[in-house]
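Count residues from 1 along the sequence. Because the structure is a prediction, the values reported are computed rather than measured. Values below: every heavy atom of this structure, side chains too, minus hydrogens, waters and symmetry copies.
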Amino acid sequence: MDFSNPASGAAERAGTYTRQLLDLLGDRDPFDVQRELVAWLRDAVADMDEESLRRREAPGKWSVLEVVGHLADTELVYRYRMRMSVAQPGEPIAGYDQDRWATGLRYNEDTVADLLAEIEFLRAANLAWVAGLTPEELGRAGVHEERGTESVEHIVKLLAAHDLVHRAQIERIKAAVL
């Protein structure tokens, strides 16, 4: 499956992209999948030096470090989306151009240790916060500008599937650069 989601076609591909993500997650518990990420990432990068972390698998593609940077910012973005949905249901939720963030925020200049620490902290905070929500709060939704109405419960599933997509991407990049 093609999980690329460039901003230029995100609105047109929104339904297909969302279905593919949910199919990938299947019947796995999204909380279990999310709890696995930090340990999985630490293990995945353990055998990589700074040069290999920054090496892109091909022109126009991301490095492992850029994927990890994206995952760190995803925690921030999804935290905002979920909190907005609970506090202000029905409000618009903006999409973002992940490629522009990767370039503009210079993910490839970060350190993997700093990014992993950021992901670890934010993921733990996000999971703890979501675990404390009531069923009614989990059902509250914002309106994503590309994908439409998304409840917090739905966002939790998308985030877990997103983890799986990027775990596979990291494995693919490692195979190409090591």
Side-chain angles (χ1 to χ4, degrees), residues 1-42 44 62 66-102 104-105 107 115-170:
M1 279 188 234
D2 175 21
F3 284 103
S4 63
N5 194 30
S8 62
E12 295 79 26
R13 295 193 66 238
T16 301
Y17 176 71
T18 299
R19 276 190 307 281
Q20 287 176 332
L21 284 175
L22 295 176
D23 287 348
L24 178 64
L25 181 62
D27 61 358
R28 293 183 69 180
D29 182 307
F31 293 99
D32 289 343
V33 172
Q34 288 188 50
R35 280 189 286 271
E36 296 169 356
L37 182 66
V38 174
W40 188 94
L41 286 170
R42 288 189 191 288
W62 285 356
E66 287 169 315
V67 175
V68 176
H70 169 69
L71 289 168
D73 273 344
T74 296
E75 287 302 308
L76 289 169
V77 169
Y78 276 72
R79 181 174 180 83
Y80 169 79
R81 289 175 179 175
M82 291 186 294
R83 293 173 76 87
M84 175 65 87
S85 296
V86 169
Q88 297 177 229
E91 290 293 316
I93 296 175
Y96 71 104
D97 186 329
Q98 62 188 18
D99 293 313
R100 288 178 67 187
W101 280 47
L105 299 176
Y107 291 163
L115 292 171
L116 290 173
E118 184 178 343
I119 294 168
E120 183 173 28
F121 173 79
L122 288 169
R123 177 59 59 96
N126 288 342
L127 287 173
W129 180 75
V130 171
L133 295 178
T134 66
E136 186 272 332
E137 289 167 330
L138 287 168
R140 291 184 190 169
V143 183
H144 190 283
E145 70 180 356
E146 297 159 350
R147 297 189 300 258
T149 302
E150 293 183 336
S151 70
V152 173
E153 184 175 31
H154 181 75
I155 292 170
V156 167
K157 291 176 184 176
L158 292 179
L159 186 53
H162 181 265
D163 286 357
L164 296 174
V165 167
H166 289 297
R167 285 165 54 168
Q169 181 184 20
I170 287 170

Side chains of [X] and [Y], heavy atoms from C-beta outward: is any pair under 4.5 Å?
{"X": "Val130", "Y": "Tyr78", "result": "no"}
{"X": "Leu127", "Y": "Arg35", "result": "yes"}
{"X": "Arg83", "Y": "Trp129", "result": "yes"}

Would you give the length of the straight line joining atom [atom1] of [X] to atom [atom2] of [Y], rounded to the nearest 0.5 angstrom?
{"X": "Arg147", "Y": "His154", "atom1": "CZ", "atom2": "NE2", "value": "7.0 Å"}
{"X": "Asp163", "Y": "Leu158", "atom1": "CG", "atom2": "CG", "value": "11.0 Å"}
{"X": "Leu164", "Y": "Leu24", "atom1": "CG", "atom2": "CG", "value": "5.0 Å"}
{"X": "Glu118", "Y": "Leu115", "atom1": "CD", "atom2": "CG", "value": "6.5 Å"}
{"X": "Arg167", "Y": "Glu36", "atom1": "CZ", "atom2": "CD", "value": "5.0 Å"}
{"X": "Trp40", "Y": "Ile170", "atom1": "CH2", "atom2": "CD1", "value": "4.5 Å"}

For this session: Decide yes or no on side-chain contact (heavy atoms from CB on, under 4.5 Å) for Glu150 and Ile93, but give the supporting numbers first.
Result: CA-CA 9 Å; Glu150 293 183 336; Ile93 296 175; over 6 Å; no
For this session: Assess whether side-chain contact (heavy atoms from CB on, under 4.5 Å) is satisfied between Arg123 and Leu159, documenting all intermediate values.
Result: CA-CA 11 Å; Arg123 177 59 59 96; Leu159 186 53; 3.9 Å; yes
For this session: Of all the heavy-atom pairs spanning Pro89 and Arg140, show the shortest one and how long it is.
Result: CG-CD, 3.7 Å
Exercise. Considering all heavy atoms of both residues, which atom of Ala141 and which atom of Thr149 are nearest to each other, and what is their separation?
Worked result: CB-CG2, 3.5 Å
For this session: Take atom CZ of Phe31 as the centre, draw a 6.0 Å sphere, and report whether it contains more than 12 heavy atoms from other residues, nucleotides or ligands.
Result: yes
Problem set entry | Audit row: Gln20, Asp23, side-chain contact (heavy atoms from CB on, under 4.5 Å) steps and yes/no | CA-CA 5 Å; Gln20 287 176 332; Asp23 287 348; 5.7 Å; no
Exercise. Between Val156 and Met82, is a side-chain contact (heavy atoms from CB on, under 4.5 Å) present by the stated rule, with each step listed?
Worked result: CA-CA 9 Å; Val156 167; Met82 291 186 294; 4.0 Å; yes
Problem set entry | Presence of salt bridge, Glu75 and Arg79, under 4.0 angstrom | no
Exercise. Does Arg42 pair with Glu120 as a salt bridge, N-O distance under 4.0 Å?
Worked result: yes
For this session: Return the set of residues passing side chain to side chain contact (heavy atoms under 4.5 Å, CB included) with Gln169 (not counting sequence neighbours), or none when no residue passes.
Result: Trp62, Val67, His166, Arg172, Ile173
For this session: Go through the structure and list residues passing side chain to side chain contact (heavy atoms under 4.5 Å, CB included) with Ala160, not counting sequence neighbours.
Result: Leu25, Pro30, Val33, Gln34
Exercise. Under 3.5 Å, is there a donor-acceptor pair linking the side chains of Tyr96 and Asp73?
Worked result: no
For this session: Look only at the side chain of Ser151 and the backbone of Gly139, and say whether a donor-acceptor pair between them is shorter than 3.5 Å.
Result: no
